[in-house]
Amino acid sequence: MDADAQKRAAAARAVEYVQPGMRLGLGTGSTAKHFVDLLGERVRAGLKVVGVPTSEATFAQAKACGIPLTTLDETPELDLTIDGADEVAPDFSMIKGGGGALLREKIVASASSRMVVIVDATKWVETLGRFALPVEVTPFGYGATLRAIEKAIGTVQSGGPLKLRQTKDGHPFVTDGGHWIVDAALGRIDDPKALARALAAVPGVMEHGLFVDLASVVIIGGPDGIKTVERPVSS
Ligand SMILES: O=C(CO)[C@H](O)[C@H](O)COP(=O)(O)O
């Protein structure tokens with residue numbers, strides 16, 4: 001199985017967590033796209049659910065698939081969110097935001113009773129940080145915010161290059177919320193909770209891609225099949 005087939009297999013397993021009547025958070029990215037696709041098949045076969053998309057891209061896909069949609073204003077509490085991730089560590093801390101949807105993804109996951117994460121085997125890592133950590137910032141005061149992010153990281157661990165995410169034509173990548181993304185190449189993140197706290201305290205940072213204490217189940221699609229890991233009970 002190639003990586004895409006592994007993602008689809010993980011997404012197919014995640015569909016089994018969906019029960020009739022559920023209010024669902026719908027993730028963003030190539031893995032979540034498989035999930036939305038498969039969920040759409042179930043909906044067209046009669047399954048009754050309602051979904052809150054985490055991005056404009058997922059909104060368009062879910063709508064095209066015929067999945068009934070709502071918002072967190074109409075439906076502030078969700079039963080289950082299914083989303084991908086860029087890295088997941090054994091303590092279930094994660095890096096998200098490779099697709100630039102981290103702010104909406106975190107709001108939607110936080111409004112959900114459960115979050116099921118679907119990944120291919122390359123995303124399951126011993127320590128977070130090989131994937132550059134996305135930090136979403138408001139464009140106003142960008143230079144000052146960048147310095148403050150650097151300092152905040154320095155209070156917790158050694159830093160690394162910070163890079164403004166750009167489109168192919170050299171313009172800043174703009175999120176669905178109208179913000180920019182700084183990718184922090186840290187190499188390793190030994191204390192995700194401490195780093196999350198430090199970054200959240202920086203004015204101008206709208207959200208960061210460290211998701212801690214949110215996922216309850218991780219479904220990993222590997223070359224030899226699917227593995228489901230339940231969140232370890234925290235001490
Ligand atoms: O956080 C995300 C988007 O903001 C995605 O879930 C993450 O980037 C994984 O994407 P993919 O499934 O395409 O590998």
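Count residues from 1 along the sequence. Each ligand, and each atom within it, is numbered from 1 in the order the structure gives. Just so you know, these numbers use all the heavy atoms, side chains as well, and skip hydrogens, waters and symmetry mates. This structure is a prediction, so every number in the text was calculated from the model and none was measured.
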Evaluate the criterion salt bridge (charged side-chain N to carboxylate O under 4.0 Å, His left out) for residue pair Glu56 and Arg104; output intermediate values, then yes/no. CA-CA 10 Å; Glu56 296 302 321; Arg104 293 189 186 183; 2.9 Å; yes

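Asp191 contributes atom CG, which lies 12.0 Å from atom OG1 of Thr127 (distance to the nearest 0.5 angstrom). Distance check, rounded to the nearest 0.5 Å: CG of Leu47 to CE of Met22 gives 10.0 Å.
Of the candidates Val135, Val174, Thr138, Val137, Thr138 is the only one forming a side chain to side chain contact (heavy atoms under 4.5 Å, CB included) with His179.
For Trp124, the ring pair (Phe, Tyr, Trp, His ring centres under 6.0 Å) criterion is met by no residue, not counting sequence neighbours.
Between Asp183 and Lys163 there is no salt bridge, since no side-chain nitrogen of the basic residue lies less than 4.0 Å from a carboxylate oxygen of the acidic one.
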List, pair by pair, the atoms of ligand 1 and of the protein that are both N or O and lie under 3.5 Å apart, giving the separation rounded to 0.1 Å.
{"residue": "ligand 1", "atom": "1 (O)", "partner": "Lys96", "partner atom": "NZ", "Å": "2.9"}
{"residue": "ligand 1", "atom": "1 (O)", "partner": "Gly97", "partner atom": "N", "Å": "2.8"}
{"residue": "ligand 1", "atom": "1 (O)", "partner": "Glu105", "partner atom": "OE1", "Å": "3.0"}
{"residue": "ligand 1", "atom": "4 (O)", "partner": "Gly99", "partner atom": "N", "Å": "3.4"}
{"residue": "ligand 1", "atom": "4 (O)", "partner": "Gly100", "partner atom": "N", "Å": "3.4"}
{"residue": "ligand 1", "atom": "4 (O)", "partner": "Ala101", "partner atom": "N", "Å": "3.0"}
{"residue": "ligand 1", "atom": "4 (O)", "partner": "Glu105", "partner atom": "OE1", "Å": "3.1"}
{"residue": "ligand 1", "atom": "4 (O)", "partner": "Glu105", "partner atom": "OE2", "Å": "3.2"}
{"residue": "ligand 1", "atom": "6 (O)", "partner": "Thr28", "partner atom": "O", "Å": "3.0"}
{"residue": "ligand 1", "atom": "6 (O)", "partner": "Gly84", "partner atom": "O", "Å": "3.3"}
{"residue": "ligand 1", "atom": "6 (O)", "partner": "Lys96", "partner atom": "NZ", "Å": "2.9"}
{"residue": "ligand 1", "atom": "8 (O)", "partner": "Asp86", "partner atom": "OD1", "Å": "2.6"}
{"residue": "ligand 1", "atom": "8 (O)", "partner": "Asp86", "partner atom": "OD2", "Å": "3.1"}
{"residue": "ligand 1", "atom": "8 (O)", "partner": "Gly98", "partner atom": "N", "Å": "3.4"}
{"residue": "ligand 1", "atom": "8 (O)", "partner": "Gly99", "partner atom": "N", "Å": "3.4"}
{"residue": "ligand 1", "atom": "12 (O)", "partner": "Ser30", "partner atom": "N", "Å": "3.4"}
{"residue": "ligand 1", "atom": "12 (O)", "partner": "Ser30", "partner atom": "OG", "Å": "3.4"}
{"residue": "ligand 1", "atom": "12 (O)", "partner": "Thr31", "partner atom": "N", "Å": "3.0"}
{"residue": "ligand 1", "atom": "12 (O)", "partner": "Thr31", "partner atom": "OG1", "Å": "2.5"}
{"residue": "ligand 1", "atom": "13 (O)", "partner": "Ser30", "partner atom": "N", "Å": "2.7"}
{"residue": "ligand 1", "atom": "13 (O)", "partner": "Ser30", "partner atom": "OG", "Å": "2.5"}
{"residue": "ligand 1", "atom": "14 (O)", "partner": "Lys123", "partner atom": "NZ", "Å": "2.7"}

